[in-house]
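Numbered from 1 within each chain, the chains take letters A, B, ... in sequence-line order.
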Amino acid sequence: MDRRLSDDENGARDVSQSPTTEPKQDIDTVKPEADEGIVTGPAVPAQASTEQLNALTHRLLGPSLTKSGQEGVSQDNVSQVILDASKGSKFYEREAALAAGLATRVAALQTRKAKLEAQDLRVHLRNADAFLASLESSRDLSRIIVHLDCDAFYAAVAALKDPTLKGIPFAVGGSVLSTCSYEARKFGVRSAMPAFVARKLCPELKLVDQDFPSYIAKAGEIRAILQTYDPNFQPAGLDESYLDLTAYCQDNDISASDAVSKLRTEVREKCGITISAGIAATAPLAKIAGNVNKPDGQFEIPSTREAVMAYMADLSVRKVAGIGRVLQCELDAVGIRVCADIYPQRALLVPLFGDKTAKFLLTSYLGIGRTRIAPSDGRDRKSVGTEGTFADLAGAQALRTKLRQTAEALEEDMKQAGVKGRTVVLKVKLHTFEVLTRQVGTHIPVWTKDDIYRISLPMLERLEKEIPGLKIRLLGLRCTHLVEAKLSVDKNFFGAAKAPNTEERFCVCQDDQILAPAVPPPERASAHRAEGSRSGVPVDEDGWEIWPEAEFEAAAEQERKEEFEELLKLSQELEERHDQDNGAKAPLESSRSTSPADDVESWACPICNRPQPADERALNEHIDLCLSRETIREVVRSVPENKAPAKLEKPTLPSKQVPRKRARPRGGGSISKSNHEQSNAKRRAFFS
DNA sequence: GGGCAACGTTGTT
DNA sequence: TTCCAAACAACGTTGCCC
Ligand SMILES: Cc1cn([C@H]2C[C@H](O)[C@@H](COP(=O)(O)OP(=O)(O)OP(=O)(O)O)O2)c(=O)[nH]c1=O
């Protein structure tokens, strides 16, 4: 995720020790503070600038330094083990290259800062102060926001299933660890660490596989409890949630910390999972607070302006969600290490980091953030994808086989999610660890393995052309610009509000009928409407027929079939016209039955004038389809019978979406100076 | 200059 | 010897169209 729209930003450090602190667990402290701050690496090869080395060390060690459970670990030793294990590998080389790029950018930042400081910054200063003032005036300290985070979630679930894991150092994952038990953390083991490094740190480390069904089930149990505290709570991933306990505390005449304490006890007793909690006036603050007494603890940041500001002041910027390794490095270069450092630099933030980041930083400095907690409606998924790592792979045939397998896997995921995509993205990681992506718009939403394969093959071919001897270690496919495929069954779709549980929407669907993505709505609406009218369907005040659920569904199904057939015909026609082109010619889509709509109200489509489910999103999707149908027809009409375009993506074609050629040089990632200047010019344009 | 598509990056879990 | 993940969101930049 990225910082600006992220739900979380502000942060602070454990200054004001609140009385809400719970008994902390184990982990005796030897070196209380190996955390935060930029790491300046120990023994690394020479001959690079120290800037670069620090950047590289920081990259390699990065994640291990921000996690909890590391307090009793000798960081120097851990760092040395990690660096030793890394040296000489392709992975290391790639990291070094990236670090070099970062070092260059950091140097440019510093130069730029020096230049700026010689200029008149009064306008920037005024803008920053105005922004701060407006933020301050909107500060809301009235809510009781709680962030909950299960401790070592995957590991905790694993230990519940297999009690022999209890109390021993073990980790969840394969070649890379997803997480590990707190016992393992004492050795310096942590999330995102390669397993072979973890084994060096902790030879007795036991490894267990991931088990998502169990995680999902356990998350469901926990959420059932959370719901009783705040029916409007917001899950954020499987193991995290935000709650607004303002009402609960009022209704039950209980303090925030007591309520949270009670909640945590309930979850522990009923679900066997310990959770940590943060209590504060905003979501970002609550999240930060939650990390203070992890594991199995809670912490409250008092809701006064003074307490919040004080807490933020000493907090490493790295603790703020949205500030990662790179931004931390850049901020460090301009003298910003803790949140209090942001203020003196406020006039420089926009010119140095851009409008969005500047605002984000100022907001964090004040400890201001989101106070409204609400579940997402489950329809906001932006992409569905799958990818896999394997031993270096090369050769046309092998790559195609892998591509096909990936397309098959993606079809499964698309079915699960009940969506189609209008853009397909191919991702490849070279044997050097360099990552490349290629993407194309498809206009007609796709989801079948055959369509996905056909669309992605040309992208692979392109890569093969661009990179002779293409050798990869990862291949992935992802669909974006999603369109809802299942026409409901899930009451949520047409608005009949259901329990706000996102998980259900993606997991409960087993029935093929439910999963079967809908085929686009029909062209000649007349068909079913006329039929319906004749068969005496009642009509509402606007003249639209009111259909009983079942009939509506049947009619919708029929419409979709007709529509699909027409689309198929059109696309086949096109296909034939530019014959050859070898390749797998799978049918566009095999007609599958779709679950019917269970809605009776309907709106008219402005294009085809046919009734559509009374749902804004559904209607918009329908309109898109209507428009795309028109476009296809236009293309078909405009292409001379025997002179087809040299190469048209089959289902992809509308003039507007014909891919634009843009041979982009693939540079090592560093930004040229002129680019930098330009971007700054753009950045300055914003603020105000 | 806006809008949009493509691509690379950063960040989070 | 083996030898650094997967899934997702958001943003900045670039190039092109209108
Ligand atoms: C950080 C991280 C987490 N995960 C998974 C495994 C975690 O159990 C789950 C939740 O992540 P986190 O809540 O970040 O971490 P955690 O619950 O394992 O441990 P703790 O909060 O006590 O420090 O997400 C990954 O798969 N990859 C990652 O890089």
Side-chain angles (χ1 to χ4, degrees), chain A residues 1-8 59-60 62-63 66-67 82 85-92 94-95 98 101-102 105 149-150 153-154 172-179 191-200 210 212 215 236-240 287 318 320-330 353-357 360 380-391 409 413 417 422-423 425-427 429 433-441 459 473-474 476 478 480-481 655-672 675-676 678-679 682-683 685:
Chain A
M1 218 208 299
D2 211 278
R3 57 203 83 103
R4 13 277 165 180
L5 290 187
S6 123
D7 288 346
D8 319 290
R59 289 193 73 88
L60 292 168
T66 46
K67 271 299 185 183
I82 294 174
S86 304
K87 232 173 288 177
S89 63
K90 287 177 181 173
F91 177 82
Y92 181 88
R94 176 66 184 155
E95 285 297 304
L98 294 175
L102 178 56
R105 263 180 302 162
D149 186 336
C150 301
F153 187 57
Y154 293 4
V172 180
S175 57
V176 169
L177 311 184
S178 288
T179 191
S191 287
M193 178 179 274
F196 78 94
V197 172
R199 280 239 162 77
K200 282 187 178 159
Q210 292 185 323
F212 279 100
Y215 308 149
L238 276 179
D239 81 320
E240 288 183 35
K287 171 140 181 140
R318 189 64 175 80
V320 178
I323 299 182
R325 297 182 297 185
V326 171
L327 186 54
Q328 182 194 15
C329 242
E330 294 176 351
F353 300 103
D355 184 66
K356 289 243 160 132
T357 300
F360 166 71
D380 39 353
R381 245 241 260 211
K382 300 284 197 303
S383 70
V384 174
T386 180
E387 63 184 55
T389 294
F390 35 75
D413 293 346
R422 308 169 78 154
T423 298
V425 186
L426 171 70
K427 173 181 173 182
K429 193 185 282 178
F433 285 87
E434 184 180 0
V435 174
L436 304 175
T437 63
R438 293 295 178 268
Q439 69 187 88
V440 292
M459 294 192 267
R473 71 185 331 275
L474 169 146
R478 175 168 298 276
T480 66
H481 296 127
S655 51
K656 246 176 135 181
Q657 287 192 8
V658 168
R660 296 168 202 165
K661 282 296 166 223
R662 40 192 263 99
R664 180 197 289 274
R666 33 176 209 119
S670 54
I671 300 171
S672 74
N675 285 346
H676 210 68
Q678 255 187 0
S679 70
K682 214 169 194 175
R683 289 167 169 184

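Distance, A:R105 CZ to C:dG12 C1': 11 Å, rounded to whole Å. For the pair A:I323 CD1 and C:dC11 C1', the interatomic distance rounds to 15 Å; values are reported in whole Å. Spacing between atom NZ of A:K427 and atom C1' of C:dA5 amounts to 9 Å, rounded to whole angstrom units. Summarising the geometry, the separation between CD on A:E330 and P on C:dG12 is reported as 13 Å, rounded to the nearest angstrom. Distance CG (A:L238) to C1' (C:dA7): 11 Å, rounded to an integer number of Å. Rounded to an integer number of Å, the gap from CD of A:Q439 to P of C:dA10 is 16 Å. Rounded to whole angstrom, the span from the CG atom of A:D413 across to the P atom of C:dA7 amounts to 7 Å. Nucleotide B:dA5 holds its C1' atom 13 Å from the CE atom of A:M459, rounded to whole Å.
Take the nearest nucleotide of DNA chain C for A:S383 and for A:R473: the residue whose nucleotide is more 5' is A:R473.
At least one side-chain heavy atom of A:R105 sits under 4.5 Å from a side-chain heavy atom of A:E330. A 4.5 Å side-chain heavy-atom check between A:Y215 and A:V172 finds at least one atom pair inside the cut-off.
OP1 or OP2 of C:dA6 lies within a sub-4.0 Å distance of a side-chain N or O belonging to A:T389. Look at A:T437 and you'll find a side-chain N or O under 4.0 angstrom from OP1 or OP2 of B:dG8. Contact annotation: A:R478 side-chain N/O to C:dC8 OP1/OP2 distance is under 4.0 Å. Between B:dA5 and A:R438, no contact under 4.0 Å exists linking OP1 or OP2 to a side-chain N or O. Contact between the side-chain N/O atoms of A:R381 and the OP1/OP2 oxygens of C:dA9 is not found at any separation under 4.0 Å. For A:S175 and C:dC3, the shortest distance from a side-chain N or O to OP1 or OP2 is not below 4.0 Å. The phosphate of B:dT13 (OP1 or OP2) has a side-chain N or O of A:K287 nearer than 4.0 angstrom. Contact check, A:K382 against C:dA10: a side-chain N or O comes under 4.0 Å of OP1 or OP2.
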**OP:** Show your reasoning for whether side-chain contact (heavy atoms from CB on, under 4.5 Å) applies to A:E240 and A:F153.
**Re:** CA-CA 10 Å; A:E240 288 183 35; A:F153 187 57; over 6 Å; no

Subject >> side-chain contact (heavy atoms from CB on, under 4.5 Å) between A:S175 and A:T389, intermediate numbers included >> reply: CA-CA 10 Å; A:S175 57; A:T389 294; over 6 Å; no

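As judged by a 4.0 angstrom heavy-atom cut-off over every strand, A:V425 is placed among residues making no nucleic acid contact. Within the 4.0 angstrom heavy-atom criterion, only backbone atoms of the sugar-phosphate kind lie near A:G385; the bases stay farther away. A:K429 comes within 4.0 angstrom of the backbone, heavy atoms only, and of no base. Within 4.0 Å of A:T179, counting heavy atoms only, lies no atom of the nucleic acid at all. Among the atoms of the strands shown, only primed sugar atoms or phosphate atoms (P, OP1, OP2) are found under 4.0 Å from some heavy atom of A:G388. A:Q210 comes within 4.0 angstrom of no nucleic acid atom, judged by non-hydrogen atoms across all strands.
In this structure, A:K429 NZ and A:R94 CZ are separated by 10.0 Å, a value rounded to the nearest 0.5 Å.
You'll find that the side chain of A:L474 is closest to C:dA6, out of B:dT10, C:dA6, B:dT12. Comparing C:dC4, B:dG8, B:dT10 by their nearest atom to the side chain of A:F433 picks out C:dC4. In this structure, the nucleotide among C:dC4, B:dT10, B:dT13 sitting nearest to the side chain of A:E240 is B:dT13.
Listed for the A:T437 side chain is no donor-acceptor partner under 3.5 Å among the backbone atoms of A:L426.
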